[in-house]
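Heads up: the structure comes next, in structure tokens.
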Amino acid sequence: MLDVLVVGAGLSGIYALHALRSRGLKTRVLEAGAGVGGTWFWNRYPGARCDLESIEYSFSFSPEIEAEWSWSELMPPQAEIEAYLNFVTDRLGLRDAIRFETKVAAMHFDPAAAVWNVRTEDGDEYQAQFVIAATGMLSVPIDPAISGMESFAGVSVYASRYPRDGIDFTGKRVALIGTGSTGVQALPILARSARHVHVFQRSAAYTLPTTTRVFAPGEFEALRNNYPDIRASQRQARAAAARNGAFAALAFAAERPKLREASEAERKAALDEFGIAGALYWSDVMADPIANEMARELYGQAVSRIVRDPATAERLTPRYPFGCKRPIIDDGFYEAFNRENVTLVDLQEEGIQRIVPKGIVTTRGTIDFDVIFYATGFDALTGALDRIDIRGPSSRLLRDAWREDGPGSYLGLQIAGFPNLFIVGSLGGPGALANVIPCSELQIDTIVECIERARAHDCDTVEATALAQADWGELISEMVKDSIALSPGCNSWWIGSNVPGKPRTFLSYPGGYPEYRRKLEREAEEGFPGFEFA
Ligand code: NA7
């Protein structure tokens, strides 16, 4: 019998294991993948990179790890993040407590014994008093459900299940479906070796050019020596990242002029100076729908300065407001459309009818392919828990509870009706809008404190109350009621609208990291009043 079972060995699961073991709690981690890293394990597609600076996209709990690990680039690529998470795992001696290639199929709470009975897909069983679901926010790919997908005779690849040995695109005819972060990051690299890439775009992206680069000699070491200040700034920053990463060009938007008050010459000067970001950096873009529409038009002008074919530039200009979806950071996305071997297929003009063995049939004809590369996104935040057969004391399935009552949590830490089950990086927390590493550290520290409190008071169970959960849901609803992300015509994984049938609600806490931290600290200081200990 375990004290705690952690599901998932991504960055949250790794830290949870360390934090729990350090407190003497008998802990085991079950991980579906063959290695640690979670999202950074699976998403090893060409071009995968974090959009935050490496110095901030890192654990803050261990001065030793801070001192011993060196990042080589300002914004880390997937391989370096995966290497970092492996380093942390080994440095802390965690690997022996992780069972890999083990997928959890079911978790049933036994109220008489106050334990979770956890069953894996292989039929193995575990008992634990507590479960922490560190199952990832973007871990379940969505099936694009295009008719005939399985009949394709070439190679079908999901970016989020990218093979460890990679794929050689040399000389291949490639269909890239999806232009979110994944598709936008992958295109320039695919285009370098493929014979031809057709990009199937359903919605055009807002994407800003990356500012990443390899650190100059001594640059990283100087930053590392300044860790205490960097961490202190992060703690005060809304996004738990104070250095702005690739969003640097937008960072001072609040101090900038209003687009509605800018002259034609000033708008042009902004594009001259800042390129694409010059369309978006104005102080009123997120607050004023008219300014937002003006920014959209200006964005189109910025795109047409890069993309030589005017019709392609027009199709690449989003038709929805900026702020609707998570902005993207790219490395040569628009430039790729100036290549002879890249063609944009606008699905709003030319829809996909079906996939056949030799390629894709659109309303205009058939295009032959060797590879179909799906970059079609995730059933985010709730998807991973939805796919496990999770039953609380009344045997009610979590996914039924969410279907009937709507998805909810208290503080992004627990779900009412499911005692002793904690969640990390899932719905109700701030991680979708902020640097996920500090958010996970904070959530896990709070969970560990809550578990210790239960044990110190000889309590068998701890469970968020329905009332506290309802209040948390109302607080989030109130905060987002005027959000651009929920405006008509806005669709994104933030609000679940990329998954057919999923309720259209804002699934994350939008108040920023510092306020979220204060709320969690207060909850702990006051003895966890939103939880019932029994
Ligand atoms: P996203 O951002 O959800 O993007 C998925 C893309 O795939 C998006 O362009 C979708 O169009 C498109 N899509 C989805 N289904 C289809 C079908 N059936 N046909 C055509 N196109 C489709 O996922 P990403 O993996 O790129 O990024 C997720 C997050 O990871 C990102 O925000 C960062 O935080 C890191 P749509 O826009 O829905 O019209």
Side-chain angles (χ1 to χ4, degrees), residues 10 38-40 42-52 57 75-78 81 136-149 156-162 175-187 198-208 210 239 241 245-247 315-316 318-321 323-330 333 344-355 360-363 372-381 383 425 430-436 439 485 489-500 502 504 507-508:
T39 293
W40 293 114
W42 296 105
N43 287 265
R44 55 183 68 247
Y45 60 86
R49 183 184 291 279
C50 183
D51 53 15
L52 297 171
Y57 194 78
M75 261 73 81
Q78 174 273 335
I81 301 172
M137 155 182 340
L138 293 157
S139 53
V140 176
I142 48 172
D143 176 359
I146 302 168
S147 147
M149 277 171 66
S156 299
V157 59
Y158 275 87
S160 49
R161 290 291 179 271
Y162 202 76
L176 168 60
I177 304 182
T179 50
S181 246
T182 302
V184 164
Q185 287 185 332
L187 173 65
H198 281 79
V199 181
F200 290 81
Q201 170 191 276
R202 194 165 70 181
S203 309
Y206 283 100
T207 170
L208 294 157
T210 184
F247 299 103
R315 291 182 182 109
L316 285 168
R319 294 166 201 168
Y320 57 88
C324 208
K325 297 174 188 279
R326 194 175 189 282
I328 300 171
I329 301 300
D330 71 274
F333 176 67
L344 180 68
V345 181
D346 186 341
L347 295 175
Q348 306 210 8
E349 296 170 4
E350 180 183 356
I352 295 177
Q353 289 192 322
R354 63 188 179 281
I355 293 177
I360 296 181
V361 182
T362 74
T363 47
I372 301 180
F373 187 109
Y374 293 98
T376 43
F378 300 87
D379 183 353
L381 296 151
L433 302 157
N435 182 348
V436 72
C439 295
C490 263
N491 289 306
S492 76
W493 62 265
W494 275 344
I495 60 166
S497 60
N498 63 331
V499 179
K502 194 163 172 174
R504 190 184 158 87
L507 290 164
S508 303

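Counting convention: from 1, in listed order, for ligands and their atoms alike. Heads up: numbering here begins at 1 and tracks the sequence.
The one candidate from I177, I146, L176 that meets the side chain to side chain contact (heavy atoms under 4.5 Å, CB included) condition with F200 is I177. Considering T210, D51, T207 as possible partners of D330, the one that fulfils the side chain to side chain contact (heavy atoms under 4.5 Å, CB included) test is T207.
Taking the six-membered ring for Trp and thresholds of 30 and 60 degrees, Y57 and W40 have ring planes more than 60 degrees apart, a perpendicular arrangement.
Side chain of T363 to backbone of Q353: no donor-acceptor contact under 3.5 angstrom is found.
For ligand 1, the 4.0 Å heavy-atom shell contains residues L138, P144, I177, G178, T179, G180, S181, T182, R202, S203, K325, R326, L347, A375, T376, G377, F378, W493.
Closest approach of L52 and A241 over heavy atoms only: CD2-CB, 4.0 Å.
A 4.5 Å side-chain heavy-atom check between Q201 and L316 finds at least one atom pair inside the cut-off.
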